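Working notes, beginning with the structure itself.
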Amino acid sequence: MDLVCVDDFERQADSKLEKTAKDYYKSGAGEQFTLNLNREAFKRLRLRPRYLRDVSKLDISCRIFGQQLKWPVGIAPTAMQKMAHPDGEIGNARAAGKAGSIFILSTLSTTSLEDLSAAAPDTLKWFQLYIYKDRSLTEKIVRRAEKANFKALVLTVDAPIFGHRRADVRNKFSLPSHLSLANFQGEQANGVVTDGGSGINEYVANQFDASINWKDINWLKQLTHLPIVLKGILTAEDAILAREFGCAGVIVSNHGARQIDTVPASIEALPEVAKTVGNDLVVMLDGGITQGNDIFKALALGAKTVFIGRPAVYGLAYNGQQGVEQLLDVLKKDFEISMALTGCPKLSDIQSSMVVHESTYSRL
């Protein structure tokens, strides 16, 4: 059977993933209102296409921090990818490289950043960072990321603790014993085990520094020459602070709706952030992207590029690296259709007026 959309890959992944891993990847926080909203909010936006424009040749390439990309879609950081398939993070990174995309490696990966860098040398790689209570661990991992040729640091700001993900508590989630958090040793590598609840939440409570604040951006800037991107920004106020503290970019994100329920969908929060700092910072988005129209809508509302998390995991679970390559190809072709049928031969032709809320037409 041909797989022609993200939903097809999701169904295949559902049939292959062990229940605890499937629930870990797919669940959101609380009642999962925002989890559903991340996708539903895109459906509330209407396209206003323009016609009689020459779309015989499309150019969907872009530049982010001076790096040339084939298209404006990358792979977001997702923890513990070897639960989905033995190819794990390496399979995802290689697929991203072949597609001309950015790959962001999670701190909580089951492949070390050195091994990933060696296995995917031609992929543009960023490193997602959590700050540990033991600051020396964070300092060392930043140095390692620089040495391993990662091109940006993505500091996740919305996770001083982890959200209440009910499925993980019910399942008493633990990282399978044959896997470890490969960027660490000892307790930091093997500590994702349940003590009666969610093992990942217990790990985070024990290891992550919940006292981090804006002054720590200055601390981080002193550690590295890499551009710093803040992931998890949902308000204009925090976007302004990101600019004031010298960050290079922000990812508008609600952590896949996994932190606190009833926050806005990422696409709902995007316009206020882009309007406020879009001329000064690189504004990006993750959350809810499943088709070409979603990518188009995010770019029209101010994102320079977008990232996908769960869809890449679905491709990985389906068929390892080849599954991710196949998924990215499906999504890219779908985006090219969106570009052509809205009258946009290149990304700079996308205008904010081409996307409006459904209420614009509510009087009809």
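Note that the coordinates shown come from a computational prediction; the quantities given were computed from them, not determined experimentally. Throughout, numbering of the chain's residues begins at 1 and tracks the sequence.
The aromatic rings of Trp71 and Phe335 are tilted relative to each other, their planes meeting at an angle between 30° and 60°.
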Problem set entry | Verdict with reasoning, Leu181 to Leu175, per side chain to side chain contact (heavy atoms under 4.5 Å, CB included) | CA-CA 9 Å; Leu181 301 181; Leu175 184 63; 4.2 Å; yes
For this session: Carefully, step by step, assess Asp286 and Ser253 under the rule side chain to side chain donor-acceptor pair (under 3.5 Å).
Result: CA-CA 5 Å; Asp286 75 19; Ser253 169; 2.6 Å; yes
For this session: Test salt bridge (charged side-chain N to carboxylate O under 4.0 Å, His left out) on Arg11 and Asp7 and set out the steps.
Result: CA-CA 6 Å; Arg11 282 188 285 269; Asp7 287 348; 5.1 Å; no
Exercise. Taking it one step at a time, do Ile131 and Trp219 satisfy side chain to side chain contact (heavy atoms under 4.5 Å, CB included)?
Worked result: CA-CA 11 Å; Ile131 295 179; Trp219 171 77; 4.0 Å; yes
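Evaluation of the ring-ring contact (aromatic ring centres under 6.0 Å, His included) test over residues 179-207, restricted to residues two or more places apart or in two chains, returns Tyr132-Phe184.
A donor-acceptor contact shorter than 3.5 Å links the side chain of Lys297 to the backbone of Phe42. Checking side-chain atoms of Asn38 against main-chain N and O of Gly287 turns up no donor-acceptor pair under 3.5 Å. One N or O on the side chain of Glu18 and one on the backbone of Ala21 form a donor-acceptor pair closer than 3.5 Å. Between the side chain of Thr123 and the backbone N or O of Ala93 there is at least one donor-acceptor pair closer than 3.5 Å. Although no hydrogens or angles enter the test, the distance criterion places a donor-acceptor pair under 3.5 Å between the side chain of Ser338 and the main chain of Asp334. Here the side chain of Arg53 pairs a donor or acceptor atom with the backbone of Gly343 at under 3.5 angstrom.
In summary, Glu40 and Lys43 engage in a salt bridge, as defined by a charged side-chain N under 4.0 Å from a carboxylate O. Checked for salt-bridge contact, Asp280 and Arg243 meet the test: a charged N lies under 4.0 Å from a carboxylate O. By the 4.0 Å N-to-carboxylate-O rule, Asp349 lies close enough to Lys346 to be salt-bridged with it. With respect to the salt-bridge test (charged N to carboxylate O, under 4.0 angstrom), the residues Asp122 and Lys98 do not qualify. Using a 4.0 Å cut-off between charged side-chain N and carboxylate O, Asp14 and Lys26 make a salt bridge.
For the side-chain contact (heavy atoms from CB on, under 4.5 Å) with Cys344, the qualifying choice from Gln351, Arg50, Met339 is Met339, the only one to do so.
Side-chain atoms of Asn171 and Thr20 form no donor-acceptor pair, as typed in the model, at a separation below 3.5 Å. Donor-acceptor pairing under 3.5 Å is lacking for the side chains of Asn190 and Ser180. In the model, Asp115 has no side-chain atom that pairs as donor or acceptor with a side-chain atom of Thr111 under 3.5 Å. There is no side-chain donor-acceptor pair under 3.5 Å between Gln326 and Asn319. Between the side chains of Gln32 and Ser27, no donor N or O sits under 3.5 Å from an acceptor N or O. Checking Arg165 against Gln259 by side-chain atom types alone, a donor-acceptor pair falls below 3.5 Å. The closest side-chain donor-acceptor pair between Asn201 and Asp168, if any, does not fall under 3.5 angstrom.
Distance check, rounded to the nearest 0.5 Å: CG of Leu116 to CD of Gln81 gives 9.0 Å. Taking OG1 of Thr110 as the reference point, atom CG of Leu179 lies at 6.0 Å (rounded to 0.5 Å). Taking OG1 of Thr224 as the reference point, atom CD of Glu146 lies at 3.5 Å (rounded to 0.5 Å).
Cluster membership check: Ile289 shares its hydrophobic cluster with Ile267, using side-chain heavy-atom separations under 4.5 Å among Ile, Leu, Val, Met, Phe, Trp and Tyr.
Taking the six-membered ring for Trp, Trp126 and Phe150 have ring centres at least 6.0 Å apart.
Few gaps surround CD on Glu114; more than 12 heavy atoms of other groups in view lie less than 6.0 Å from it. In Lys332, the NZ atom is crowded: over 12 heavy atoms of neighbouring residues, nucleotides or ligands sit closer than 6.0 Å. The local environment of CD1 in Ile260 is sparse, with at most 12 non-hydrogen atoms from other residues, nucleotides or ligands closer than 6.0 Å. More than 12 heavy atoms of other residues, nucleotides or ligands sit less than 6.0 Å from atom CG of Asn36. No more than 12 heavy atoms of other residues, nucleotides or ligands shown are found within 6.0 angstrom of NZ on Lys275.
Minimum heavy-atom separation, Leu113 to Asn183: N-OD1, 2.9 Å.
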